[in-house]
There are 2 protein chains.
Amino acid sequence: MARKGESVTMADVGARAGVTARTVSNVLSGHTSVRPETRDRVLRAVDDLGYRMNTSARSLRTGRTGTITLAIPDLMIDYFTDLARRIMTEAERHDWTVVIQQTGARRENEIAILSGARRQHSDGLIFQPHALGPGDERYLTGNDRLVILGERIFRGPVDHVTMANTEAAQLATQYLVDRGHRRIAAIGANPRVATTSAASLRLEAFRDTLAKNDLSVPAEYIVTAEEWHLRDGAAGMARLLGLPRPPDAVFCFNDTMAFGALHALAARGVRAPDDVAVIGFDNVPMAEFTTPPLTTIEPGTAQVAKQAVDLLAARVAGRGTPPTEVFTDCSLVVRKSA
Amino acid sequence: MARKGESVTMADVGARAGVTARTVSNVLSGHTSVRPETRDRVLRAVDDLGYRMNTSARSLRTGRTGTITLAIPDLMIDYFTDLARRIMTEAERHDWTVVIQQTGARRENEIAILSGARRQHSDGLIFQPHALGPGDERYLTGNDRLVILGERIFRGPVDHVTMANTEAAQLATQYLVDRGHRRIAAIGANPRVATTSAASLRLEAFRDTLAKNDLSVPAEYIVTAEEWHLRDGAAGMARLLGLPRPPDAVFCFNDTMAFGALHALAARGVRAPDDVAVIGFDNVPMAEFTTPPLTTIEPGTAQVAKQAVDLLAARVAGRGTPPTEVFTDCSLVVRKSA
DNA sequence: ATGAAAGCGCTAACAT
DNA sequence: ATGTTAGCGCTTTCAT
């Protein structure tokens, strides 16, 4: 934070300690061995002068910034907050700091991220696309050091950390069927989004599972939600309750919408799970604390975070591993809402 | 993300466009006027070569990084997620990206932030201290370009954005009294923290307000909570319900704990607000969606974010304004839980 | 174990 | 409107 022109340099520190910048650098980075006595003198000089390293200079020299970028749709969605938090923790182990970029799930912003316009000064990128999908491989150009989160959307040579969207959505849907529900709706469809997006995959698995159980889904049971926020869940549930023949169970494609749905139910005096069962997806911290506590899918968020950061670290280290696709485990967490 | 040694420089771009790096720089930063024709040629060359500016070099030269740091206790607390999101939005207007650093509310980490060890490559710092307080002014040394969030903890010459903790806590407590409650408890005390911390200020205001109403507070009605997380709220409420004479109203010092408290109530079949009223503090997005919806304090989070970023921008711009203390408006948001 | 010096890629002061 | 050049503060190769 030193102002330009008034900054203390390594040379200044060296001058005070009676050594050159070279030795100061060695002391501070700890790579080479330095005489303990010299070391002490240097550290004292650092302290006296209030020296702070200029990381731009270091980065320019080394080609490393010590920062990675996490590009996600939106911190209004609990899952992404949870993910960001976990990724920050994992990144700490690699001495990385994390810059979070919100794309708003908008295609133009996602392209901007990949083009580097909104992601400078960063050693690598962990990116959860939403609008981008197959056919957009051209935007990958120049992005080595990239890990894609979500489904394997690109054929190209990129690391993917893949959540078992299909399997998990089947699990959730089948659970509702097994509990005896027959009028099952879903909130979170988004027709304007790639077929590889979570929205499309979960919807497809939902439909398939119901079909497999010889259950039909009226069109009005598939509720579109553009943003997957609290209000989308509430609005979706309100719409379902307004139907002549409301569902007896609802699969919300994320927990945040499920919270909204639960609220809409309670506001109308409809009981969950007795009148309408609700199941979510994500198992975010809040899911345990709603009324009733939310039955949901645990998608392996901790693994996603760890794998993503480790994969990126391998890329940055330049290990010549071929692009990998990693899968995380999912499971059903039964609580009270369904 | 270009690897060292294989990176394309401005000179390369210039060579292809038939100009020097100087002109390329002018085109990309848009400061000086460039002939449209030249401009086009340069931009085409940028595209052809897949050129990406080296921001370390730029920062080294200009002394600006385009990044600010936001240091907060913890993203597990909804308020800080909400705040971070809003600050990111405000920062965008200044073309800043934001690095979030979690201090875990731990003193050593807060000192590390101020000392710059965990906050390099940044044009400024927005810092919500928790463990640090009066008497720790010495850690401010070398931190121009700093905005402190929370109460005015430092006498030193630093910008503060101050939330009206005392006034707001009075508002909340008085509301409970006015609604006829007499056995009022609080969750969120933290004796190990500075007297200027939110925990101490809110507790003090809580006590004062009850005293002013001639209401006594048994010691067991003041529940300590170290982390202010969901589980702290739930544990606190569980403890209160286990008392021989449980309270009929509880003031939770943040919304996140209030969510936990509401859960503890529901888990035991205790009704809110009928049996125990609950009031929170923060008015985070989720507060509107709990069952019952949470009555809480709106502390002016939007203002905090805007003021903090604007104040920091003024510091960075080097306007010689004297250190300012800015206050935000708070108000009571009545919903259903109290 | 330490010194001397080159150079990372960019911007800005000085030219023309 | 564009070319030339110095230099930001650091790391690292070549010395000793």
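Among the nucleotides D:dC10, D:dT2, C:dT2, the one closest to the side chain of B:Asn26 is D:dT2. When the nucleotides C:dT11, C:dT2, D:dG9 are ranked by their closest atom to the side chain of A:Leu60, D:dG9 comes out on top.
B:Arg41 CZ: more than 12 foreign heavy atoms inside a 6.0 Å radius.
Nucleic acid contact class of A:Thr9 (heavy atoms, under 4.0 Å, all strands): sugar-phosphate only. Among the protein residues, A:Gly18 comes within range of the sugar-phosphate backbone only, with heavy atoms under 4.0 Å from sugar or phosphate atoms but none that close to a base. In this structure, B:Arg22 reaches the bases: a heavy-atom distance under 4.0 Å links it to at least one base atom across the strands shown. A:Ser56 comes within contact range of no nucleotide atom at all, as no heavy-atom separation falls under 4.0 Å.
In this structure, B:Ala57 and B:Arg39 both approach DNA chain D, and ranking their closest nucleotides by distance from the 5' end singles out B:Arg39.
Regarding contacts with the backbone of C:dC8, every side-chain N or O of B:Ser7 stays at 4.0 angstrom or more from both OP1 and OP2. At least one side-chain nitrogen or oxygen of B:Thr23 sits closer than 4.0 Å to the OP1 or OP2 atom of D:dG3. Using a 4.0 Å cut-off, some side-chain N or O of A:Arg35 falls inside it from OP1 or OP2 of C:dT2.
A side-chain donor from one of A:Thr67 and A:Thr97 sits under 3.5 Å from a side-chain acceptor of the other. Using modelled atom types and a 3.5 Å distance limit, the side chains of B:Gln101 and B:Thr69 yield no donor-acceptor pair.
In this structure, CZ of B:Arg64 is placed 11 Å from P of C:dA12, rounded to the nearest angstrom. Rounded to whole angstrom, the span from the CZ atom of A:Arg52 across to the P atom of D:dG9 amounts to 16 Å.
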* Asked: Given B:Val309 and B:Ile87, is the side-chain contact (heavy atoms from CB on, under 4.5 Å) satisfied, shown in steps?
  -> CA-CA 7 Å; B:Val309 173; B:Ile87 283 185; 4.1 Å; yes
